[in-house]
Amino acid sequence: MVTRLPPEPSGFMHIGHALSGLLNYLYKEMYGGKLWLRFEDTDPRKVRPEYYDSYRDGYSWVGIRWDHEKNNSDDMELFYEHARRLIEEGKAYACTCDRERMRRLRAEGVECEHRSREREWHLEMWDGMLSGRFGEGEVSLRLMGDMRSANTTLRDPVIMRIVDHPHPLKGDRYHVWPTYDFAVSIEDAVCGVTHVLRTSEFALRNELQDLIRSYLGMPNPTYVEYERFEFEGTPVARREIRALIEKGVIGGWDDPRLATVAAIRRRGIVPEALREFVLRYVAMTQSRKVYSWELLHAINRRLIDGTTPRMFFVDGPALLKLRGFEPVEVELPLHPEGHMGTRKIRASGELYVRFQDLLEVGVGGVLRLKHLANVRVLEIGDGRALGEALPGPPEPGMRVVQWVPVESAVPVRVLVPGPLFGPDGAFNEESLRVVEGYAERNVLNLKRGDRVQFERFGYCVRDSDEEPVFVFTHR
RNA sequence: GCCCCGGUAGUAUAGCCCGGUCAAGUAUGCCGGCCUCUCGAGCCGGAGACCCGGGUUCAAAUCCCGGCCGGGGCACCA
């Protein structure tokens with residue numbers, strides 16, 4: 001069994017590519033087969049050199065290991081050879097119709113006069129294409145298909161066309177490029193691909209690609225189609241994302257609200273979570289699916305929980321002064337199960353706690369400063385309060401809260417991404433909330449990419465080495 | 001407009017091909033409880049679905065027909 005990953009290096013890799021890649025990888029692993037990474041880079045105008053690596057990195061990151069790699073652009077001579085053979089055998093012809101006319105005739109199912117020209121003329125035109133005698137759009141090579149087929153892709157599609165634009169890898173060495181269907185058909189056969197697992201927008205092309213191969217005497221693969229993967233409130237279409245970036249609505253391709261691999265990685269999703277997600281929730285059915293992020297987040301949470309240290313972060317802080325409190329240094333576990341060691345915090349009589357907690361406990365109420373002391377609230381003012389430390393251990397029923405000493409508090413910002421679009425398709429103005437507050441000093445020991453769970457707030461990833469800025473992963 | 005393909009709880013899936021064991025399983029989310037010095041983890045319990053209408057059959061989520069709804073394709077892009 002041989003499967004393949006066929007990315008077009010023309011934009012950033014997103015979660016859909018990762019999921020689809022995982023499906024191909026997992027299947028070939030299951031059957032002990034081979035996997036190809038093959039770049040579909042036959043449109044010189046769209047391909048950008050930096051995206052080749054973006055896919056290699058992305059696939060590697062999710063844990064995919066491929067057995068072979070190539071670029072379609074490496075096989076230009078092969079495409080030329082097969083194209084010529086098709087003309088010689090009367091299976092392809094040169095056509096000088098302009099784009100508009102070709103489109104109309106194909107829609108109407110009508111053959112043009114070029115189709116019935118003599119073979120020598122087609123051969124001569126083909127040679128002319130290769131030698132640079134024609135400019136872009138003047139001639140193209142078409143497959144002898146079926147102009148009356150209900151499947152419109154079979155109506156003599158163009159298989160080779162002239163492109164006057166340098167290719168990022170090949171420079172201006174080639175001016176005649178294969179179209180997608182021609183390149184894929186040949187490459188899948190050449191690579192020995194036995195199973196094509198892909199999204200269903202290609203379904204109509206199966207018949208065409210099989211036809212091309214039958215003309216060339218090549219074997220066909222088995223096709224398995226499934227719907228594209230969408231996630232709630234998150235656009236995946238490149239042009240849509242590009243528009244958002246250009247409008248300045250989002251920061252870039254790794255904006256944490258996005259579903260690009262760069263974004264979910266930055267946000268703290270681990271690759272194992274994606275793998276488990278595929279096994280558990282992804283089915284190769286053709287029904288429409290819009291996954292909710294919760295499904296992925298729940299898996300991710302379980303995976304990172306045991307190895308993520310806990311720290312204190314107070315959002316919506318209020319200054320709490322404690323009457324009669326002796327400064328102490330407390331040592332608290334980095335993880336409730338105790339296997340991650342401890343951290344220390346020196347606490348004095350002035351602390352930040354969540355104002356909301358104070359309000360909910362109310363004057364006269366008692367709350368527990370976790371691992372520090374019980375406190376009776378004496379007064380609550382505007383963003384400040386006065387309390388009295390009580391001796392003794394925590395008692396059942398007390399609200400246990402996080403706290404940060406004023407003198408060592410680190411001002412922290414947490415970027416909390418939400419859905420970019422609401423269910424009605426309207427842009428979500430609050431898609432990125434910036435939560436400000438104070439965190440314990442120990443957060444400064446965290447490096448960019450390190451995760452923490454801010455207790456009673458959620459899992460976060462440090463986003464910058466210079467500043468204490470975090471990205472919210474999930475609850 | 002033409003051509004394909006789908007429709008199981010809020011979400012994603014299992015079951016459908018080979019009709020009965022499905023008064024429909026699982027996960028997540030939600031609600032309630034237990035546990036816990038986090039609103040995290042863990043444990044227990046609860047509510048929640050076969051798009052609609054016909055047909056075939058002793059029996060239909062499963063087979064057939066129609067309708068409705070949804071998705072995709074109709075480039076010298078991939």
Side-chain angles (χ1 to χ4, degrees), chain A residues 6-11 39-43 45-47 72 95 97-100 102-103 106-107 109 136-142 149-155 157-163 176-184 198-207 225-232 238 276-277 279-283 285-299 301-302 304-306 308 310-313 332-333 335-337 354 357 367-374 393-396 398-402 423 453-459 474-475:
Chain A
E8 181 188 29
S10 65
F39 288 99
E40 312 259 284
D41 57 351
T42 52
D43 185 349
R45 253 186 261 277
K46 285 173 71 186
V47 174
N72 284 358
C95 176
C97 293
D98 63 38
R99 228 186 170 98
E100 193 45 46
M102 195 187 293
R103 194 160 60 103
R106 289 188 77 204
E136 189 165 323
E138 287 178 16
V139 209
S140 57
L141 194 67
R142 293 228 254 166
S149 174
N151 181 347
T152 48
T153 63
L154 255 35
R155 324 240 262 227
V158 169
I159 53 174
M160 283 293 206
R161 85 293 200 179
I162 296 167
V163 181
V176 179
W177 290 85
T179 57
Y180 165 74
D181 289 295
F182 193 57
V184 169
R198 65 182 173 199
T199 50
S200 59
E201 72 245 45
F202 298 101
L204 257 25
R205 336 222 48 123
N206 298 170
E207 203 181 347
E225 268 117 19
Y226 38 86
E227 258 312 311
R228 288 172 90 120
F229 309 108
E230 289 179 55
F231 280 78
E232 263 172 10
R238 282 170 186 167
E276 196 176 323
F277 181 83
L279 260 12
R280 178 158 212 119
Y281 294 125
V282 171
T285 60
Q286 298 196 50
S287 54
R288 184 175 190 220
K289 37 195 124 224
V290 183
Y291 295 97
S292 58
W293 285 103
E294 291 159 348
L295 295 171
L296 215 210
H297 289 169
I299 294 170
R301 184 184 300 120
R302 205 184 61 243
I304 66 174
D305 180 68
T308 304
R310 313 292 140 121
M311 290 187 189
F312 289 159
F313 164 69
L332 24 192
H335 190 280
E337 271 140 45
R354 287 184 69 217
D357 285 328
L367 50 70
R368 170 69 181 178
L369 301 178
K370 195 176 183 184
H371 289 116
L372 184 67
N374 300 334
E395 278 162 37
M398 276 183 184
R399 172 179 296 235
V400 179
V401 305
Q402 73 275 35
Q453 187 206 45
F454 286 137
E455 294 201 33
R456 303 211 300 147
F457 184 78
Y459 294 88
H474 45 60
R475 290 241 104 202

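Chain A is the first sequence line, chain B the second, and so forth, proteins listed ahead of strands; every chain is numbered from 1. These values consider heavy atoms only, across backbone and side chains, with no hydrogens, waters or symmetry-generated copies.
- The distance from atom CG of A/D357 to atom C1' of B/rC37 is 14 Å, rounded to the nearest whole Å.
- Side-chain atoms of A/L204 lie closest to B/rC3 of the nucleotides B/rC76, B/rC3, B/rA78.
- Classification of the A/F202-A/Y180 ring pair by plane angle, with boundaries at 30° and 60°, yields tilted.
- The shortest distance between side-chain heavy atoms of A/T179 and A/R142 does not fall below 4.5 Å.
- Per the geometry, CD belonging to A/Q453 stands 9 Å off C1' belonging to B/rA41, to the nearest Å.
- Note on A/R475: only backbone sugar-phosphate atoms sit closer than 4.0 angstrom, heavy atoms only; bases stay farther off.
- When heavy atoms are screened at a 4.0 angstrom cut-off, A/D43 is found touching the sugar-phosphate backbone but no base atom.
- Positionally, the nearest nucleotide of RNA chain B for A/E455 lies more toward the 5' end than for the other of A/E455 and A/M102.
- For A/H297, the side-chain contact (heavy atoms from CB on, under 4.5 Å) criterion is met by A/R267, A/I269, A/W293, A/H474, not counting sequence neighbours.
- Judged as a ring pair (Phe, Tyr, Trp, His ring centres under 6.0 Å), and not counting sequence neighbours, the contacts of A/F39 are A/Y52.
- For the pair A/R310 CZ and B/rU36 P, the computed distance is 17 Å after rounding to whole Å.
- Using a 3.5 Å distance cut-off with no hydrogens or angles, the side chains of A/S10 and A/R45 do not pair a donor with an acceptor.
- Phosphate proximity of B/rA41 to A/R301: present, with a side-chain N or O under 4.0 Å from OP1 or OP2.
- Classification of A/K289 and A/E230 as a salt-bridged pair fails, no side-chain N sitting under 4.0 Å from a carboxylate O.
- Rounded to the nearest Å, the gap between the C1' atom of B/rG19 and that of B/rA61 is 10 Å.
- If you measure from atom CD of A/E201 to atom P of B/rA78, you get 14 Å, rounded to the nearest angstrom.
- If you check every strand for non-hydrogen atoms under 4.0 Å, A/R354 touches a base.
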For Watson-Crick and G-U wobble pairs within 3.5 Å on both distances, what is RNA chain B written in dot-bracket notation, | included for inter-strand pairing? (((((((..((((......[....)))).(((((.......)))))....(((((..]....))))))))))))....
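- When each of B/rA78, B/rU38, B/rC4 is scored by its nearest atom to the side-chain atoms of A/P336, the top-ranked nucleotide is B/rU38.
- Taking the C1' atom of each, B/rA12 and B/rG55 are spaced 33 Å apart, rounded to whole Å.
- Ring orientation note: the planes of A/F457 and A/F313 are nearly perpendicular, at an angle over 60° on the 30°/60° scale.
- Across all strands shown, A/E8 has heavy atoms under 4.0 Å from sugar-phosphate atoms exclusively, and none from any base.
- Distances from the side chain of A/R368 to the nucleotides B/rA78, B/rC37, B/rC76 place B/rC37 closest.
- For the OP1/OP2 pair of B/rC74 and a distance below 4.0 Å, the side-chain nitrogens and oxygens of A/R103 include no atom meeting the criterion.
- Taking the C1' atoms as reference points, B/rG25 lies 14 Å from B/rG48, given to the whole Å.
- Within 4.0 Å (heavy atoms only), A/T42 reaches sugar-phosphate atoms of the nucleic acid but no base atom.
- Heavy atoms from other residues, nucleotides or ligands lying under 6.0 Å from CZ of A/R302 number more than 12.
- Scored by the salt bridge (charged side-chain N to carboxylate O under 4.0 Å, His left out) test, A/R368 finds no partners at all (sequence neighbours excluded).
- A/P396 comes within contact range of no nucleotide atom at all, as no heavy-atom separation falls under 4.0 Å.
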Report, as a single string ordered 5' to 3', how protein heavy atoms within less than 4.0 Å touch nucleotides 10-16 of chain B: B base, S sugar-phosphate only, - not at all. BBBSS--
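- Counting only heavy atoms from C-beta on, A/R106 has its side chain closest to B/rC76 among B/rC76, B/rU38, B/rA78.
- Comparing B/rC22 with B/rA14, their C1' atoms are spaced 11 Å from each other, to the whole Å.
- Note on A/A203: nothing from the nucleic acid sits closer than 4.0 angstrom, heavy atoms only.
- At a threshold of 4.0 angstrom between heavy atoms, the contacts of A/Y459 are confined to the sugar-phosphate backbone, with no base atom among them.
- Annotation for A/Q286 and A/E225: closest pair CG-O, 3.6 Å, computed over non-hydrogen atoms.
- On the P atoms, B/rC69 is 34 Å away from B/rA47, given to the nearest whole Å.
- Counting to the nearest Å, the C1' atom of B/rA75 and the NZ atom of A/K46 are 10 Å from each other.
- A salt bridge is absent between A/D98 and A/R103; no separation between the charged side-chain nitrogens and carboxylate oxygens falls under 4.0 Å.
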Please write out the pairs of protein N or O atoms and N or O atoms of nucleotides 47-52 of chain B separated by less than 3.5 Å, giving the distance to one decimal.
none

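- Comparing atom distances between the A/P394 side chain and each of B/rC37, B/rC74, B/rA78 picks out B/rC37 as nearest.
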